[in-house]
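Remarks on the structure that follows.
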Amino acid sequence: MSKYDFEHVFEPFPQDSYQYVLNGMGFEVDALAYQFACHRDEVAKQCFAHVEQLKHKAQQQLQKNRQVLNAIRQYGIQKM
């Protein structure tokens with residue numbers, strides 16, 4: 001359960017209150033969602049690191065803008 005599960009920012013009770021009531025009623029907590037909520041900063045850091053790796057890989061494989069523009073100037077753009 002996260003604060004984003006609620007439509008309104010100013011709920012009458014904090015999200016923890018709902019979680020305690022649901023747990024008391026025997027509802028099982030989604031372990032994966034709970035783990036993500038507890039470790040979302042680490043997960044976000046891992047995601048950003050992955051994006052940086054993809055960016056670096058793309059920068060190595062793609063031509064520089066000047067090269068692309070020179071090729072377009074020389075050969076034009078072909079119709080598909």
Side-chain angles (χ1 to χ4, degrees):
M1 184 175 292
S2 110
K3 66 181 178 182
Y4 303 110
D5 290 337
F6 301 101
E7 294 180 6
H8 305 288
V9 176
F10 300 106
E11 288 288 323
F13 302 104
Q15 74 180 41
D16 294 341
S17 296
Y18 291 100
Q19 185 172 351
Y20 296 139
V21 170
L22 290 172
N23 287 344
M25 294 172 64
F27 284 87
E28 295 292 325
V29 176
D30 182 1
L32 183 60
Y34 181 75
Q35 182 180 11
F36 179 77
C38 291
H39 303 290
R40 67 177 175 245
D41 290 341
E42 291 87 9
V43 171
K45 287 178 186 177
Q46 290 173 359
C47 289
F48 285 125
H50 182 66
V51 168
E52 281 295 318
Q53 290 173 351
L54 293 174
K55 181 182 87 172
H56 182 69
K57 186 176 179 180
Q59 287 174 334
Q60 290 177 333
Q61 293 177 352
L62 295 173
Q63 295 179 345
K64 303 289 182 203
N65 286 346
R66 179 53 49 198
Q67 292 172 312
V68 173
L69 292 173
N70 288 339
I72 290 171
R73 183 176 169 200
Q74 183 177 356
Y75 302 109
I77 298 178
Q78 298 176 359
K79 294 182 181 180
M80 293 185 177

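Just so you know, these numbers come straight off a predicted model, no measurement behind them.
- Of all heavy-atom pairs between Q59 and K64, the closest is O-NZ, 4.4 Å.
- In this structure, H50 NE2 and Q53 CD are separated by 7.0 Å, a value rounded to the nearest 0.5 Å.
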In sequence, state the C-alpha distance, the side-chain angles, and the governing distance for L69 and R73, and then conclude on side-chain contact (heavy atoms from CB on, under 4.5 Å). CA-CA 6 Å; L69 292 173; R73 183 176 169 200; over 6 Å; no

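- More than 12 non-hydrogen atoms from other residues, nucleotides or ligands lie less than 6.0 angstrom from CG of L62.
- Partners of K55 according to the salt bridge (charged side-chain N to carboxylate O under 4.0 Å, His left out) rule, which considers only residues two or more places apart in sequence or in another chain, are E52.
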